Amino acid sequence: MTMRLDYLSIFPAYFDVLDISLLGKAAVNGLVEVHAHDLRDWTHDRHRTVDDTPCGGGAGMVMKPDPWGEAFDEIIGTEPDSSVHVIFPSPSGAPFTQSAAQELSSAVRIVFCCGRYEGIDHRVIDYARSMWTVHEVSLGDYVLNGGEVAALAITEAVVRLVPGFMGNPESLAEESFSAGQDGLLEYPLFTRPVSWRGLDVPEVLMSGHHGRIAKWRRDESVRLTCERRPDLTDSDFGVPH
Ligand SMILES: N#Cc1c(-c2ccc3ccn(Cc4ccc(CN5CCCCC5)cc4)c3c2)n[nH]c1N
């Protein structure tokens with residue numbers, strides 16, 4: 001099954017990068033199909049205008065609904081279809097999580113609507129909700145200039161979970177933020193040389209004793225999680241708040 005990904009943006013060149021690396025390989029293997037669109041192709045004035053002043057006043061500009069509606073008609077269609085997932089990255093969106101990525105990895109079609117300026121006229125989102133499955137999501141509590149970077153991050157988080165995408169699916173099982181690691185942060189990683197600029201690989205990792213190695217890794221995950229992400233610790237993990 002091929003996952004079709006569409007990106008609507010006034011900066012479609014942001015998505016040229018998807019031709020590189022693993023994503024490029026996935027496209028070649030037919031796992032994903034990528035289409036980037038310039039929202040200005042659905043404007044009709046000489047200046048290809050996509051924005052206007054906010055009703056009710058306020059700073060900045062708001063993206064007009066008309067180009068989005070016409071783009072939707074052409075790219076997605078005019079019939080409701082709940083199997084189409086439409087993602088609006090937004091500073092006021094719900095936090096995007098690994099479980100959301102996991103859910104989206106089984107989607108047949110995902111359309112990313114990348115806003116700019118102060119955002120998109122809300123009626124665009126309301127219309128999309130009446131037609132498709134809509135997700136208003138945020139990458140985190142920091143301010144970006146538009147939705148493109150978020151769309152790229154979400155794309156990577158989702159596509160790497162598509163069956164057949166990752167060469168070694170086992171590497172997905174042990175990752176942080178997934179059940180395999182009990183939701184704890186990942187332990188520190190090391191490789192050769194064993195000694196590097198006076199810094200040595202922890203002896204336990206060279207011991208060949210799998211039980212001790214597993215304990216060291218778990219202890220390190222717990223230590224890091226307590227230090228950096230107390231919000232992830234829970235009495236169920238035997239980790240005090
Ligand atoms: N995902 C994600 C994001 C985004 C994101 C996503 C999509 C768009 C589209 C436009 N922008 C720019 C922008 C930036 C700040 C504000 C906030 N307002 C400012 C004026 C007064 C009221 C509040 C609005 C619009 C976007 C930013 N930022 N951070 C994330 N994690």
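Quick caveat: nothing in here was measured; it's all calculated off a predicted structure.
The side-chain heavy atoms of Thr155 and Tyr7, taken from C-beta on, include a pair separated by under 4.5 Å. When side chains are defined from C-beta on, Arg228 counts as touching Leu185, because their heavy atoms get closer than 4.5 Å. Considering only heavy atoms from C-beta on, Leu232 stays 4.5 Å or farther from Leu184 through its side chain. Glu33 is not listed as a side-chain neighbour of Leu5, based on a closest heavy-atom distance of 4.5 Å or more. Within the 4.5 Å cutoff, the side chain of Asp51 has heavy atoms near those of the Thr49 side chain. Residues Asp81 and Ile76 are not in side-chain contact: their nearest non-hydrogen atoms beyond the backbone lie 4.5 Å or more apart.
In terms of modelled atom types and a separation under 3.5 Å, the side chain of Asp121 and the main chain of Arg123 share a donor-acceptor contact. Here the side chain of Thr233 pairs no donor or acceptor atom with the backbone of Cys226 at under 3.5 angstrom. Side chain of Arg40 to backbone of Arg48: a donor-acceptor contact under 3.5 angstrom is found. Proximity of a side-chain donor or acceptor of Ser195 to a complementary backbone N or O of Gly198 within less than 3.5 Å is not detected.
Ring centroids of Phe72 and Trp132 are separated by less than 6.0 Å, placing the two rings close together.
Residue-environment remark: CD (Glu203) stays at or below the threshold of 12 foreign heavy atoms within 6.0 Å. More than 12 heavy atoms of other residues, nucleotides or ligands lie within 6.0 Å of NE2 in His122, so this atom counts as buried by the packing criterion. With a 6.0 Å radius and a threshold of 12 heavy atoms from other residues, nucleotides or ligands, Asp16 has its CG atom above the threshold.
Residue pairs satisfying the side-chain hydrogen bond (donor to acceptor under 3.5 Å, both in side chains) criterion with at least one member in residues 58-71, sequence neighbours excluded, are listed as follows: His44-Glu70.
One hydrophobic cluster holds both Leu39 and Tyr117 under the rule that ILVMFWY side chains link at heavy-atom gaps under 4.5 Å.
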Given the rule in the salt bridge (charged side-chain N to carboxylate O under 4.0 Å, His left out) test, do Glu220 and Arg223 qualify, once you have shown the distances and angles that lead to the verdict? CA-CA 5 Å; Glu220 282 296 293; Arg223 178 181 64 80; 2.5 Å; yes

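Exactly one of Glu103, Arg109, His135 qualifies for a side-chain hydrogen bond (donor to acceptor under 3.5 Å, both in side chains) with His85. That residue is His135.
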